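Heads up: the structure comes next, in structure tokens.
Nothing here was measured: the structure is a model prediction, and the numbers come from that model. Chain letters run A, B, ... following the sequence lines, proteins first, then strands; residues in each count from 1.
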There are 2 protein chains.
Amino acid sequence: MADRGAADAMASGESLLFLTDEQLRRGIEAMFFACRGFTADPDRILRNHAYGRAHHRAVHFINRAPGTTVNNLLDILGVTKQSLNRVLRTLVDDGLVESHVGTRDRRERHLFLTGAGMALERELSDAQRNRMRAAYRNAGPEAVAGFRTVLEQMMDLDLRRHYQAAPEQTP
Amino acid sequence: MADRGAADAMASGESLLFLTDEQLRRGIEAMFFACRGFTADPDRILRNHAYGRAHHRAVHFINRAPGTTVNNLLDILGVTKQSLNRVLRTLVDDGLVESHVGTRDRRERHLFLTGAGMALERELSDAQRNRMRAAYRNAGPEAVAGFRTVLEQMMDLDLRRHYQAAPEQTP
DNA sequence: TTGGAAAGTCAACATGGCTGACATAAAAAG
DNA sequence: CTTTTTATGTCAGCCATGTTGACTTTCCAA
């Protein structure tokens, strides 16, 4: 009775109202461990390249929205420009990212991955995709749908306005 | 057609085999944002107490398994003892955690939350539980079941052996 | 009695957050 | 055409939290 489990929760709609603190705690811990497991592979790869998570995040979102501006990126990542700039500078110096002056607004810099940048992004996201795919496969289709639904609810409460960016000019 | 969405995935079992990179990328990003949203509330609370996430983690797992040893905690948290000790020392000094010499093995120290420690733990976990509950409620029971299933799959790949601890002596 | 495990500590260093101050270029407003 | 604002970049310094390496004390166990 202390733990009614997920199966019971699925059986009757009202059971959600009876979620015990213990059940919620399990969810919280699962998130904790999942977050860790989720960054484990990239972290290992990044160490080989002498980069950190900050670089991963930048590379990911530049790949996601090529041509995004620095301000866009700041907004998405939620860090200070000094913090981002430190990371961005090394990526540009190392030839993984290119920064192009905007045509419409010449103050803006539009960020793109170079070939090398795309290669790193691919390496990192392949690792995460594989992990994600494995989890999805073991969990089954219905579970995946539910997973995404809950995750989106958890995001909603904070952000998601950033969830699309406006690119410009392919170089 | 570019995005088949979660509903389609639920409809037919084989569709999992056709998970596109794009779908997986969305899952990855959802994890990223959800992890952030998940730590946002505690982070805010911790700042008021002049603590950081490291303190949160320690307090959480001591509350979870009262009487756990330092080595246990090191194993669960996956940090070095120097790192943990820095955090643990401030918690003990501030009277949130008590450290008791083991009876069976006097080399071991068993960790317990004090009243003040429990109060902080409560404050932190209340915030997370509320967020979790809100997400669960908006997502619905089936989604919650799936969410937990997938999360457990994602954990499995790395750890979970730590997922239970052996307490000793209540003070 | 001796080897090794559990814990604590010191020193030094890296990463990646933060703040504050300031510079430059360009757009926008007046 | 001046003035203000915006977007970006940069310097300097601080803080939290991770790391390695070396060393000590205590104590269990072979």
Side-chain angles (χ1 to χ4, degrees), chain A residues 35-36 39-40 42-60 62 67-94 97-111 165-166 168, chain B residues 35-36 39-40 42-59 62 67-94 97-111 165-166 168-169:
Chain A
C35 289
R36 281 232 310 226
T39 52
D43 282 352
R44 219 172 306 119
I45 294 168
L46 288 159
R47 269 193 313 124
N48 297 340
H49 294 260
Y51 287 133
R53 279 186 205 174
H55 302 85
H56 183 186
R57 291 195 284 269
V59 165
H60 173 97
I62 293 172
T68 188
T69 66
V70 175
N71 255 354
N72 265 338
L73 213 47
L74 285 176
D75 222 27
I76 291 172
L77 298 176
V79 297
T80 58
K81 90 184 145 171
Q82 293 92 330
S83 231
L84 175 59
N85 212 258
R86 189 160 40 195
V87 163
L88 226 40
R89 204 184 323 167
T90 74
L91 289 174
V92 170
D93 288 352
D94 295 354
V97 168
E98 278 177 359
S99 168
H100 297 292
V101 172
T103 53
R104 207 185 47 220
D105 184 336
R106 293 172 46 82
R107 289 172 303 180
E108 295 178 338
R109 298 300 138 87
H110 299 271
L111 304 170
E168 184 196 296
Chain B
C35 289
R36 283 230 311 224
T39 51
D43 282 352
R44 220 170 308 118
I45 294 168
L46 288 159
R47 269 193 314 124
N48 297 341
H49 294 259
Y51 287 133
R53 279 186 205 176
H55 302 85
H56 183 188
R57 291 194 285 269
V59 164
I62 293 172
T68 189
T69 66
V70 174
N71 254 353
N72 265 338
L73 213 47
L74 286 176
D75 222 27
I76 291 173
L77 298 177
V79 298
T80 59
K81 93 183 142 171
Q82 293 91 331
S83 224
L84 175 59
N85 211 259
R86 189 160 38 196
V87 163
L88 226 40
R89 204 184 322 166
T90 73
L91 289 174
V92 170
D93 288 352
D94 295 355
V97 168
E98 277 177 358
S99 168
H100 298 292
V101 172
T103 52
R104 206 184 49 220
D105 185 337
R106 292 173 47 80
R107 288 173 303 181
E108 294 179 336
R109 299 299 138 89
H110 298 272
L111 304 170
E168 185 195 293
Q169 63 176 224

Atom [atom1] of [X] and atom [atom2] of [N]: how far apart are they, to the nearest Å?
| X | N | atom1 | atom2 | value |
| --- | --- | --- | --- | --- |
| B:Glu108 | C:dG4 | CD | C1' | 14 Å |
| B:His110 | C:dA6 | NE2 | P | 12 Å |
| B:Leu84 | D:dA16 | CG | P | 17 Å |
| B:Leu74 | C:dA7 | CG | P | 7 Å |
| B:Tyr51 | D:dC15 | OH | C1' | 16 Å |
| A:Leu88 | C:dG17 | CG | C1' | 16 Å |
| B:His100 | D:dT26 | NE2 | P | 20 Å |
| B:Leu73 | C:dA6 | CG | P | 14 Å |

To the nearest 10 degrees, how far apart in direction are the end axes of the helix from C:dT1-D:dA30 to C:dG30-D:dC1, each fit to five base pairs? 20°
Does [X] have a side-chain nitrogen or oxygen under 4.0 Å from the phosphate oxygens OP1 or OP2 of [N]?
| X | N | result |
| --- | --- | --- |
| B:Arg57 | D:dA16 | no |
| A:Asn71 | D:dT6 | no |
| B:Arg53 | D:dT17 | no |
| A:His55 | C:dT15 | no |

Could you please name the option among [options] that lies closest to any side-chain atom of [X]?
| X | options | value |
| --- | --- | --- |
| B:Ala54 | D:dT17, D:dG9, C:dA6 | D:dT17 |
| A:Arg107 | D:dT19, C:dA26, D:dG9 | C:dA26 |
| A:Thr80 | C:dA6, D:dG9, C:dC18 | C:dC18 |
| A:Asp105 | D:dT8, C:dA26, D:dT17 | C:dA26 |
| B:Ser83 | C:dA6, D:dC28, D:dG18 | D:dG18 |
| B:Arg109 | C:dC10, C:dA27, C:dA7 | C:dA7 |
| B:Lys81 | D:dA7, C:dG8, C:dA6 | C:dG8 |
| B:Gln82 | C:dA11, C:dG16, D:dT17 | C:dA11 |
| B:Ser99 | C:dT9, D:dC28, C:dG8 | C:dG8 |

So, taking the atom named [atom1] in [X] and the one named [atom2] in [Y], what distance separates them when rounded to the nearest 0.5 Å?
| X | Y | atom1 | atom2 | answer |
| --- | --- | --- | --- | --- |
| B:Leu46 | B:Arg53 | CG | CZ | 9.0 Å |
| B:Thr80 | B:Arg86 | OG1 | CZ | 7.5 Å |
| B:Leu73 | B:Lys81 | CG | NZ | 14.5 Å |
| B:Leu84 | B:Leu91 | CG | CG | 9.0 Å |

Considering every strand and a 4.0 Å limit on heavy-atom distances, what is the contact class for B:Arg47: base, sugar-phosphate, or nothing? nothing
Check the pair B:Leu88, B:Leu111 against side chain to side chain contact (heavy atoms under 4.5 Å, CB included), reporting the backbone distance first and the verdict last. CA-CA 10 Å; B:Leu88 226 40; B:Leu111 304 170; 3.9 Å; yes
Within the structure provided, determine whether [X] and [Y] are in side-chain contact (heavy-atom separation under 4.5 Å).
| X | Y | answer |
| --- | --- | --- |
| A:Arg109 | A:Val101 | yes |
| A:Asp105 | A:Thr69 | no |
| A:Tyr51 | A:Val59 | no |

Looking only at N and O atoms, is any donor in the side chain of A:Arg86 or the base of C:dG17 less than 3.5 Å from an acceptor on the other one? yes
